[in-house]
Amino acid sequence: MTDESYAKSIELPTELQFRNLKTARSFAIDIGRVDKEDEMECLIKGCNFLFKNIPDEVFIYQRHGSPEYKFQGVDHYVFPYLLVNIGSGVSLVKVESESKCQRIGGTSTGGGTFWGLGSILTGAKTFDELLELAERGDHRTVDMLVKDIYGGAYSNIGLPGDVIASSFGKAARSPKDSDSKKISEPLFKEEDMARSLLLAISNDIGQIAYLQARLHGLKKIYFGGYFIRGHPITMNTITYAINFWSKGEIQPLFLRHEGYLGAIGAFLKGEEEDDIEKYSWGENFACSSSLPSPKSSKLHMGRLRSSMQFDSLELDKLEKSLLPCPLLLDSNSYHPDTVDLTQDTPARLYWIQCFIDGVDKQKQQAIKSQATSSDVSERADQFKQIYVQRLEECRSNPCAYGSLTVRSILDMCNQCLNEFQFTDSYSQQKQYENEQALRYLESRLAMLDDLCWEDQQLELVTGMLTGNVFDWGAKEVVEMMEKEKFGFIEAQKKLQARPWLIDDFEKWKLRLSEGPTHRCAVIFCDNSGADIILGVFPMARELLRRGSKQVDLVILEGMGRAIHTNFYAAFSCEVLKVAVLKNKWLAQRLGGDMFSVIFKYEKPRKISVGDNGR
Amino acid sequence: MASILNGDGGVIGDDEFYDHLSPRGSPKPPMPWFGMDIGGTLTKLVYFQPRDNVQDEAEEADSLKIIRKYLTGNTAYGKTGIRDVHLEMSNQQIRDRTGSLHFIRFPTCSMMGFIDMAKSKNFSSLAKAICATGGGAYKFEQDFREHVDLVLHKYDELDCLIKGIHYIYRNNHAFECYYWKNSANPEQCEKVPFDFRDPYPYLVVNIGSGVSILSVRGPNDYKRVSGTSLGGGTFLGLCCLLTGCETFEEAIELAADGDSTKVDKLVKDIYGGDYEKFRLTGDTVASSFGHMNNDERRKSANKHDLARATLVTITNNIASIARMCAVTEKIDRVVFVGNFLRVNTISMKLLSNAMEYWSNGTMKALFLEHEGYFGAMGCLMEYMTTRFIHDIPA
């Protein structure tokens, strides 16, 4: 059970902002104002909301994993689940659907017990001080372990020697002790007692959660409330307890925003007249605080470094509801990102450095885009500061904002720019390029029309690839574009000669010549410049000429859409994945070089029997 | 009651099973007859004193006489050893002997003193081996061998616990088992005998330093279903730290006069009354020690209140875990044993009330008079049936 004074006095996430992107309306909600009777309802509402909208909300904790946090993605079959809400006490709620939930139990040994007992046993003044003490302590001086009783393991019932047999068992003084020791000298260090206390309570909560989950046949246990706070020892202990009792069958699931559930629920309740289902929400990384690093010895390093004094979560509202693309073979198993930078350390270090190296260029571009604004350089500095700080944090603590991918870094960059009113730094550049490209379009089309059918198809594909060479996000290309006269012809010369790194052109040509006409194609591409005008428009014209309508072809063009994401995505229709590699490091990693070409043609896929269970 | 299969595949009846203290044909083990359970905090001893043949006593070995006189002539041993006189069971038939069972305990940290005593009473002239159970049987094995030249025969503590319960209940059934009637109401609450002769299935919650929970479905059919590290050791350890007390008795006495509501945050402290939606009365503890992060509240709570809150916290937690295990195992009788319950009616009543309230009266908390001695008793039974007794010294 949570209560007002608790939430307030431990300086916990009490502020939450929802931002409507269009109207820039901001809401701030103080959790203390939540009507108590609705508490549980709000909690569940908030929980369901996060599960649906924040892909990296849920993670499991693996002490020896690299990284320690493993994010679970969006779970489309979230019900039923057990929510263990740890406030001053603990409530266990069985949630069967959006509208059906029931409190099935609880325990009075929760966060308040840790804080209350900890306050008597140690000199810690705050909840966080107590956690820091616990992090430094060694419980083995205070707890009686199985090996203290047995001299080793109790193997008959499978209890290892390190298992705690009796929490605080060594603190039980025998009269013999007190004869020989002066009462005045403290027998136990306060950090050791704090550790023992944290372990006792975490273990107990884990065990009770497991017992209730088993009683009610629930396989998923989520932990929310204000107690865990990303604290590795707590998560490890709860995970250990649940694994121990369930013999590995149940993995406890933790939430990045465990402390916001009630506040989000309260907001949603207030907004109910607005149909919440109509919108989508996304996390704004520029304004939200991060998860503490499991490695940092100081619990709040991440938070101290950030400019904020409190934890916050900001969500952006889109006026549309985002749905999985219906052409995906299996939207449940669809995972857009090609490389998980939390797991691939060399890739993480490379990309983060790459983005940091590019930040000054970006800053200049931002200033250029709003040159007439009086505070533009000030805002650009602020952008740089917060963006670099976020990148640095992700370098050492990759799970700080959920899973880390090239896509999430690009999103983060845009959010940081938006935060300081830079909506589109490249708008002028784009306009200029569009004009240039349009001027060339007519002759390009005429040239294409003069070719024989086979040459035409190759030229169309090459044109699309050439358009993709122009990229203000790739530093090697930017240098070229700035130095020389760099037009479409020059760009085409940079392309890798055939055979390309991935070269499905012959397959594609065969498909066009022998297969039926595509009824309709959806093309995901860049929104301006030579890319769309000279590369994609001619291709689209060709498909239209052939008479395409209901979607049976998806074209993904560009590195962001076809390499960093979707590289492995399977579709139920035909798909072309087209990109030029404009990053040397990445090209080499894929076995190619600068301007290597990816031209991947995939036939419609079907779910095979083996994939069914996923 | 059903018969069970014995190890040879033959069917033996219950009576025969229960009489395995007097198996036919196997030689008698040498005196003295002991069972010892070395726990994390306390060591428990069950000693059989034959009383049927006074003639024998005159002929018994000197050292045996010394041990008998020492154990039965005193009620306290050294600074910390105690004989629970009120638990003595007389007229017990063990093998062909009749006599009394004595129940003795001392802190495990005094084990070296016990070993010295065994040495000074020349124990090894009587037996080459003694039987022990509990973790200490493993931990102190080497000390016994090196200091008194005694081999420790080790038995599993849970096996011993179950055997001990069955023996003592069967031989003391009129008095052994009881429950607390009207546990919710302190004025009407009373201890009432319970007929436990048809025990299966039942849950045993053994509260020693830590807690083990076993489901028992037949004389030889049990399994450990759960346990928790928050047990008697936690209560005493925390009480020592919070109040400066030194013994379990002291901690219990402190708790008897305390008021845990000065320490714990109750449902009504948060909701102003009952939280009816979830059937939580205003007096339900919402957060144990939940007031203690507040400086003012901390100053106004005295050590009696702290001891009481510790006792209530530990007890309620055990009740909650035990109840969930009972529901999962589909068992409605829960037997609480272990030395945590000694002189601890507060916990017994809390356990009784918690079981009854949360199960809507379908579950019953039962208690046994010999609280913490079942492991030691089971160990004595193992001693009486073990084959190692062939190598008796002359």
Side-chain angles (χ1 to χ4, degrees), chain A residues 1 3-4 6 9 36-37 40 87-89 91 103 105 107-113 115-121 127 142-144 146 148-152 154 156-157 163-178 183 188 193 200 203-204 207-208 211-212 214-215 245, chain B residues 39-41 79-80 107 109-110 134-136 138-141 156 158 208-210 224 226 228-234 236-238 240-242 244 246-248 263-265 267 269-271 275 277-278 284-293 298 306 313 316-317 320-321 324-325 327-328:
Chain A
M1 218 162 308
D3 69 275
E4 181 174 345
Y6 182 70
S9 45
K36 279 161 192 158
E37 277 302 310
M40 205 62 70
S88 46
S91 278
R103 184 185 191 273
T107 163
S108 68
T109 41
T113 314
W115 199 12
L117 259 175
S119 301
I120 313 179
L121 293 173
F127 196 83
V142 184
D143 291 344
M144 190 183 279
V146 166
D148 292 320
I149 302 177
Y150 273 80
Y154 181 8
N156 278 6
I157 54 172
V163 165
I164 302 169
S166 174
S167 298
F168 285 91
K170 281 188 189 148
R173 232 172 295 167
S174 71
K176 207 176 111 198
D177 283 345
S178 53
I183 304 284
F188 300 96
M193 291 188 285
N203 254 322
D204 194 48
Q207 181 177 13
I208 287 172
L211 286 168
Q212 286 288 14
R214 192 179 56 169
L215 266 182
W245 292 112
Chain B
T41 311
K79 274 185 188 158
T80 52
C109 60
S110 306
Y138 296 81
K139 189 179 172 185
F140 294 105
E141 190 176 13
D156 181 79
L158 300 180
S209 312
R224 184 180 195 267
S226 201
T228 164
S229 71
L230 299 173
T234 316
L236 183 53
L238 275 174
C240 290
L241 294 171
L242 298 175
E246 291 183 356
T247 64
F248 181 75
V263 177
D264 295 340
K265 197 174 271 184
V267 165
D269 294 325
I270 301 172
Y271 290 93
Y275 193 178
K277 198 167 165 187
F278 298 131
T284 309
V285 182
S287 175
S288 299
F289 288 84
H291 280 321
M292 290 300 96
N293 61 312
R298 202 157 58 236
L306 290 171
T313 303
N316 279 339
N317 192 59
S320 157
I321 291 173
M324 283 188 275
C325 290
V327 177
T328 307

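Predicted, not measured: the structure shown is a model, and the values here were computed from it.
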(message) With a 4.5 angstrom heavy-atom cut-off, is it the side chain or the backbone of A:Ile208 that approaches chain B, or both, or neither?
(response) both
(request) Taking only Lys NZ, Arg NE, NH1 and NH2, and the carboxylate oxygens of Asp or Glu, determine whether A:Lys170 and A:Asp148 approach each other closer than 4.0 Å. (result) yes
(request) Return the option, out of B:Phe248, B:Tyr138, B:Phe140, with the maximum number of heavy-atom pairs under 4.5 Å with chain A. (result) B:Tyr138
(message) Out of B:Thr228, B:Thr284, B:Leu238, B:Val327, return the one with the most heavy atom pairs under 4.5 angstrom to chain A.
(response) B:Leu238
(message) Between B:Asn316, B:Thr313, B:Leu158, who has the most heavy-atom pairs with chain A when the cutoff is under 4.5 Å?
(response) B:Leu158
(message) For a 4.5 angstrom cut-off between non-hydrogen side-chain atoms, does B:Ile321 reach B:Ser226?
(response) yes
(request) Select one option (side chain, backbone, both, neither) describing which atoms of A:Ala165 are under 4.5 Å from chain B's heavy atoms. (result) backbone
(request) Please determine, among A:Gly151, A:Ala200, A:Gly110, A:Ala171, the option with the most heavy-atom pairs under 4.5 Å with chain B. (result) A:Ala171
(request) Specify which of B:Gly233, B:Gly244, B:Ser320 makes the most heavy-atom pairs with chain A at under 4.5 Å. (result) B:Gly233
(request) Would you mind telling me which of A:Val146, A:Asp204, A:Val163, A:Leu121 has the largest number of heavy-atom pairs within less than 4.5 Å of chain B? (result) A:Asp204
(message) Which heavy atom of A:Ile149 sits nearest to which heavy atom of B:Lys139, and what is that distance?
(response) O-CB, 3.4 Å
(message) Looking at every non-hydrogen atom in both residues, tell me the closest pair between A:Met193 and A:Phe168 and how far apart they are.
(response) O-CZ, 3.8 Å
(message) For chain A, which candidate among B:Thr328, B:Leu306, B:Leu230, B:Val263 shows the most heavy-atom pairs at distances under 4.5 Å?
(response) B:Thr328
(message) Taking every non-hydrogen pair under 4.5 Å, which of B:Gly231, B:Gly237, B:Gly134 racks up the most with chain A?
(response) B:Gly237
(request) Could you tell me whether the side chains of B:Ser209 and B:Thr41 share a donor-acceptor contact shorter than 3.5 Å? (result) yes
(message) Counting only non-hydrogen atoms closer than 4.5 Å, does B:Asn317 touch chain A with its backbone (N, CA, C, O), its side chain (CB onward), both, or neither?
(response) side chain
(request) Give the member of A:Val142, A:Leu117, A:Asn203 that has the highest number of heavy-atom pairs under 4.5 Å with chain B. (result) A:Leu117
(message) Under a plain distance cut-off of 3.5 Å, with no hydrogens placed, do A:Ser167 and B:Ser229 share a side-chain donor-acceptor pair?
(response) yes
(message) Less than 4.5 Å apart, side chain to side chain, heavy atoms only: is that true for A:Ile120 and B:Phe289?
(response) yes
(request) For B:Asn293 and A:Ser119, test the side chains for any donor-to-acceptor distance below 3.5 angstrom and give the result as yes or no. (result) no
